[in-house]
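The sequence lines fix the lettering, A, B, ..., with proteins before strands; numbering per chain opens at 1.
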Number of protein chains: 2
Amino acid sequence: MSTTKLREDAMTIFRAGLAAVDPKTAVRRALSRDGEMLSCAGESYNLADFKDVVVIGAGKAGAPMAAAVEEILDGWLTTGVVNVKYGHLDKLKTIRIIEAGHPLPDQAGVRGAREIVQLAELAGEKVLLICLISGGGSALLPLPVGGVTLEEKQALTEKLLACGASINEINAVRKHISQVKGGQLARLASPATLITLILSDVIGDPLDVIASGPTAPDSSTFADVYEILQRYQIWDGLADSIRQRIQAGRDGEIADTPDSSDPAFFRTLNVVVANNRQAMTAAVEKAKDLGYNALMLSSCIEGETREVARVHAAIAREIVDSGNPLAPPACVISGGETTVTLRGDGKGGRNQEFVLAAALDIAGLQNVVILSAGTDGTDGPTDAAGAICDGETCERAGLAGLEPVRHLENNDAYPLFKQLGHLIVTGPTNTNVMDLRIILAGDDG
Amino acid sequence: MSTTKLREDAMTIFRAGLAAVDPKTAVRRALSRDGEMLSCAGESYNLADFKDVVVIGAGKAGAPMAAAVEEILDGWLTTGVVNVKYGHLDKLKTIRIIEAGHPLPDQAGVRGAREIVQLAELAGEKVLLICLISGGGSALLPLPVGGVTLEEKQALTEKLLACGASINEINAVRKHISQVKGGQLARLASPATLITLILSDVIGDPLDVIASGPTAPDSSTFADVYEILQRYQIWDGLADSIRQRIQAGRDGEIADTPDSSDPAFFRTLNVVVANNRQAMTAAVEKAKDLGYNALMLSSCIEGETREVARVHAAIAREIVDSGNPLAPPACVISGGETTVTLRGDGKGGRNQEFVLAAALDIAGLQNVVILSAGTDGTDGPTDAAGAICDGETCERAGLAGLEPVRHLENNDAYPLFKQLGHLIVTGPTNTNVMDLRIILAGDDG
């Protein structure tokens, strides 16, 4: 099997993964209508029971998700507002798409969030609310509690990051100075019937973490938040508005975020419509169609990308050497999202760095390609989604006067792969279920 | 399946892996005698053709390997000398076992190496030499070229390490100031018939790397060595004896290490009698016997141990969540050898640190255990071979007043696992084929 063929197959497999988590496809898979009967995740809703059907939501995939909902609920929708990232605007018939700031929230986001909250608050028992959540939904649905500015909230997040707080601790604090996060949007919407369709960009699909869980139960409390801020010794330096809010919560003057026993969730259905595992499953199926023995390694891969890459390279080597964990022609798919500890000042992203580290470890290996790319079509501050390498990549780099080890040390994978023509450029895919990595090992034929 | 049962099974599987690479077992598997016919790796030798059968060798597994050879060649052996590490002495009938320094070579090692070289040099066409090589064989067969002291050689190695030379570069240099490394022992032994039995402690079993390849072809040259020493700017600061040696080699006054075309190897057979993959294969078989679906991930795993552990934990999580890469009851085996970047001053080893990092990532997961242990029975400067954890390890640590994250940060896994009773203590196993890691995921039953 030639490397060219392996590269083509790897791209075909990657695209099959992407197609399975396309936001429109995902919404259509989860939500279907037959006359006045709407079905979602095994539940049925008679649309004739509702006075209004209203769409709300936030996230980078908001526009195509909304378009699919409009299509499915053609003629049944009353109104809708969905916040999306700048550049993701779409003109729909009923639902208004609002562009806002991401990753830094801005006033456009706040204005959209106010409209969304108003739709939720006004929705009575006779309203069906469909909420569309996807990656970036936290920054794209910014609504701090009264008196707290976006800047104060941002400053607090930075302080928490600087003192080494865990992401769970940071989320607990942020939920308690927001009007919508941590299930509070579901409480505002109650007693309406609420269906939330979620495109997951978090490992394991934790509902309370994706977009800070606006319609999911939250187990953290004002007491926890106070303890966290005291422990990291940032309570005293907080903005007055934030301290007063948390103090009022501790004193029982404000309701805490709703936990799973809260009546707010009696009529709430949270449904993950697309996630990393779905993309992997489709990729594995496509690999099998193409004649590969295929294996899903894990959708939960985390860790330092260059070290994770070494494990993947070791698996590639074992396939070639001994036919384990599966015999060639073989395809191993992994998902999740790795991290990069910056050491240099080069240009790249976690996927490109992964492929460069893997290239060093598979140097000289015949009949193997390794691909890694972000399902959102972007990888770090570059125009690429990722990259692809084979056993000759390092040699070709050397012939081109490039030093792969130096590029890796300097977090500078992009220029190397650009010069070799090994970048994967998809443009924005409108979806995001983290990354896909593909090892392909051909047979000798 | 209870965690207790999973732990027992993990230990049973680990022991099955160890048993497969026991030095005596390995030698008996590779070498067999039927009357005067000796068979090894498909080759046959008529012992009656030889005047003498002589055993030489060096390595930590030297004593049991030699004992097995004595047993197989009962009555046929003339003499033999094998260098082993202090504490690994054994009293054999014909072969003399000599204790020597490891990892730092000493004069006892040099004296033993001189005897070994003499046996090789004196061996004529009518001699069958059986050479036994195992981990540590490089330090245990120290014979610098004339005029170079062990201290000068050691100082050079340290300089090369300090300036960031690769292990391949360091090996190339060392081979060229040794009388035996880099195939030179095979050249000394020529025209005798030479069978080298190798217990591999290196990923991929590269014959020229294991114990610096005393009987394997070497492709590096005096010219390479000069270039390396110039490039790292340590040529000028070298001991005179070393500089003179390399200069003489460049001038063609001394023969270079023999490459694969050298007649020295016409009658040489290098056979890997045990390696990491054999241990893994036996472990996989035992897991299947115990009723597990079992998979060999890779025998080539390298990288920072805590990051490699995260990938293993992610695989465990995927098995539980989706039945991939294989359905429970499931066993995934990996091998190779990871590294630890020291950040703290605690007590532990790469296997214990692996298990601690994995424990953090599988915290709360039911029905899973993860084991990692060195096949030599030692892990870092501890009396343990490794450790074993499950989804409750972190909780139990917390209840015992221990903080797993702090112990990991401080490279201090040993006291934590000791207190929890999660250490694996085997004592010295006399073998070394790197590490074994075992993920077990039980079914719900």
Side-chain angles (χ1 to χ4, degrees), chain A residues 164 166 203-205 275-278 280-281 284 293-327 330-341 357-358 360-362 364-365 405 409 437 439, chain B residues 164 166 203-205 275-278 280-281 284 293-327 330-341 357-358 360-362 364-365 405 409 437 439:
Chain A
S166 73
I203 284 176
D205 310 331
N275 63 10
N276 188 262
R277 191 176 291 136
Q278 284 180 336
M280 289 176 68
T281 304
V284 164
N293 301 310
L295 200 74
M296 188 192 296
L297 190 65
S298 177
S299 62
C300 319
I301 304 278
E302 298 177 88
E304 183 69 28
T305 204
R306 64 180 69 196
E307 305 297 333
V308 174
R310 301 200 74 182
V311 176
H312 284 68
I315 294 170
R317 195 167 279 280
E318 190 69 35
I319 293 170
V320 172
D321 286 355
S322 80
N324 287 296
L326 72 183
C331 173
V332 175
I333 309 273
S334 85
E337 191 169 301
T338 58
T339 44
V340 171
T341 303
L360 284 162
D361 271 11
I362 65 165
L365 206 60
V405 172
E409 277 169 4
R437 301 173 214 96
I439 303 170
Chain B
S166 73
I203 285 175
D205 310 331
N275 62 10
N276 188 262
R277 190 177 291 134
Q278 283 179 337
M280 290 176 67
T281 303
V284 164
N293 301 310
L295 200 75
M296 188 192 296
L297 191 64
S298 177
S299 61
C300 321
I301 305 277
E302 298 177 88
E304 183 69 29
T305 204
R306 65 181 67 197
E307 305 297 332
V308 174
R310 302 201 74 182
V311 177
H312 284 68
I315 294 170
R317 195 168 279 281
E318 190 70 35
I319 292 170
V320 173
D321 286 355
S322 80
N324 287 296
L326 72 182
C331 174
V332 175
I333 309 272
S334 85
E337 189 169 301
T338 59
T339 44
V340 171
T341 304
L360 284 162
D361 271 11
I362 64 164
L365 206 61
V405 172
E409 278 170 4
R437 300 172 215 97
I439 302 170

Item checked: SB check B:Glu318 A:Arg277 (cutoff 4.0 Å) ->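 Salt bridge: yes.
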
Notebook entry, point to check: In terms of heavy-atom pairs under 4.5 Å, which option from B:Ala357, B:Ala313, B:Cys300 contacts chain A the most?
Noted result: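 Most pairs with chain A among the choices: B:Cys300.
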
Next item on the list: Select, from B:Met280, B:Glu302, B:Arg317, the one with the greatest count of heavy-atom pairs under 4.5 Å involving chain A.
Entry: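 Answer, by heavy-atom pair count under 4.5 Å with chain A: B:Glu302.
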
Note to self: Rounded at 0.5 Å granularity, tell me how far OG in A:Ser299 sits from CG in B:Asp321.
What the structure shows: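 It comes to 7.0 Å.
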
Notebook entry, point to check: So how far is it from B:Ile315 CD1 to A:Met296 CE, rounded to the nearest 0.5 Å?
Noted result: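 Reported value, rounded in 0.5 Å steps: 13.0 Å.
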
Item checked: Shortest non-hydrogen contact between B:Glu307 and A:Glu304, atoms and distance ->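 Shortest heavy-atom contact: OE1-N, 2.7 Å.
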
Next item on the list: With a 4.5 Å cut-off on heavy-atom pairs, point out which of A:Val311, A:Leu297, A:Ile319, A:Ile301 contacts chain B the most.
Entry: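 If we count pairs closer than 4.5 Å to chain B, A:Leu297 comes out on top.
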
Next item on the list: Using non-hydrogen atoms and a 4.5 Å limit, figure out which bit of A:Leu295 sits close to chain B: side chain, backbone, both or neither.
Entry: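 Side chain only.
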
